[in-house]
Amino acid sequence: QSVLTQPPSVSGTPGQRVTISCSGSSSNIGSNIVDWYQQLPGTAPKLLIYGNNQRPSGVPGRFSGSKSGTSASLAISGLQSEDEADYYCAAWDDRLIGWVFGGGTKLTVL
Amino acid sequence: QVTLKESGPALVKPTQTLTLTCTFSGFSLSTREMRASWIRQPPGKALEWLARIDWDDEKFYSASLKTRLTISKDTSKNQMVLTVTNVDPVDTATYFCVRQTCRGNTCYFDYWGQGILVTVSS
């Protein structure tokens with residue numbers, strides 16, 4: 001059981017916009033920043049969004065992050081087939097004194 | 001160019017101690033604000049953070065595993081080591097070595113090793 005809650009799966013068609021939610025509590029998302037990671041099949045995760053809404057260089061502008069209260073969201077616009085991957089949110093937890101991850105969301109591009 | 005690579009046994013028996021080494025380049029764990037963590041992923045399951053070590057040798061452990069984990073670093077060799085005692089089949093996972101960069105209040109895992117699959121089985 002992951003500390004942060006994500007939907008197990010989302011899907012969309014090419015060109016569509018999808019969002020992935022990440023729900024936490026006051027000890028993690030509510031008081032700390034959220035990062036998002038993309039994991040393509042058979043590879044290590046890759047940093048996608050940091051600091052709630054910042055994109056590392058090389059990450060397309062189609063990816064955006066937001067946070068409100070104890071929840072965060074990742075939005076992907078102009079969906080492409082290569083976006084098919086697992087997506088994880090992460091945050092520091094002040095009560096557990098450690099990093100916590102969401103259970104991951106599998107994005108399928110139909 | 002930052003690279004990290006995990007090494008260690010692919011197979012360990014239950015109750016044994018697992019020792020994993022991360023050899024990295026392109027950064028130093030003696031540089032202020034630099035940190036590194038171990039994160040694991042059981043087959044088909046989610047990521048789980050295990051432990052972190054900072055440039056000043058401060059250490060943090062997963063609350064659920066802290067009695068079984070030890071993290072250490074050797075800055076002269078650019079290596080980080082994780083030991084897991086009394087392993088069980090539920091410890092079967094791909095173990096990732098990850099660099100963490102912090103700027104003010106913002107911290108993130110920016111470089112990941114390729115991971116090493118460790119199977120616990122008799």
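Below, read A as the first sequence line, B as the second, and so on, with proteins coming before strands; counting in each chain starts at 1.
- Under a hydrophobic clustering in which Ile, Leu, Val, Met, Phe, Trp and Tyr are joined whenever their side-chain heavy atoms come within less than 4.5 Å, directly or via other members, Leu65(B) and Val118(B) fall into the same cluster.
- Interface remark: Pro56(A) contributes no atoms to any contact with chain B (heavy atom separation under 4.5 Å).
- Shown here is Leu40(A), whose CG atom has more than 12 heavy atoms of other residues, nucleotides or ligands within 6.0 Å.
- Heavy atoms only, all atoms of each residue included: Gly103(A) and Ala46(B) are closest at O-CB, 3.5 Å.
- By the criterion of side-chain heavy atoms lying less than 4.5 angstrom apart, applied directly or through intervening Ile, Leu, Val, Met, Phe, Trp or Tyr residues, Phe60(B) is not grouped with Leu29(B); the two fall into different hydrophobic clusters.
- Residues Phe24(B) and Ile53(B) share a hydrophobic cluster, clusters being chains of Ile/Leu/Val/Met/Phe/Trp/Tyr side chains in contact below 4.5 Å.
- For the pair Leu47(A)/Phe109(B), no side-chain contact is recorded, criterion being any heavy-atom separation below 4.5 Å from C-beta on.
- With a 4.5 angstrom heavy-atom cutoff, Ile39(B) touches chain A only via side-chain atoms.
- Hydrophobic clustering of Ile, Leu, Val, Met, Phe, Trp and Tyr side chains at less than 4.5 Å, counting indirect connections, unites Val34(A) with Val10(A).
- In the hydrophobic clustering of ILVMFWY residues, with side-chain heavy atoms under 4.5 Å counting as a link, Trp55(B) and Val2(B) come out apart.
- When heavy atoms are compared at a cutoff of 4.5 Å, Ile33(A) approaches chain B solely by way of its side chain, counted from C-beta outward.
- Heavy-atom pairs under 4.5 Å with chain A peak, among Ala51(B), Gly115(B), Cys107(B), Ala63(B), at Cys107(B).
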Find the N and O donor-acceptor pairs between chain B and chain A that sit under 3.5 Å apart.
{"from": "Gln41(B)", "atom 1": "OE1", "to": "Gln39(A)", "atom 2": "NE2", "distance (Å)": "2.9"}
{"from": "Gln41(B)", "atom 1": "NE2", "to": "Gln39(A)", "atom 2": "OE1", "distance (Å)": "2.9"}
{"from": "Gln41(B)", "atom 1": "NE2", "to": "Tyr88(A)", "atom 2": "OH", "distance (Å)": "3.1"}
{"from": "Phe109(B)", "atom 1": "N", "to": "Tyr37(A)", "atom 2": "OH", "distance (Å)": "2.9"}

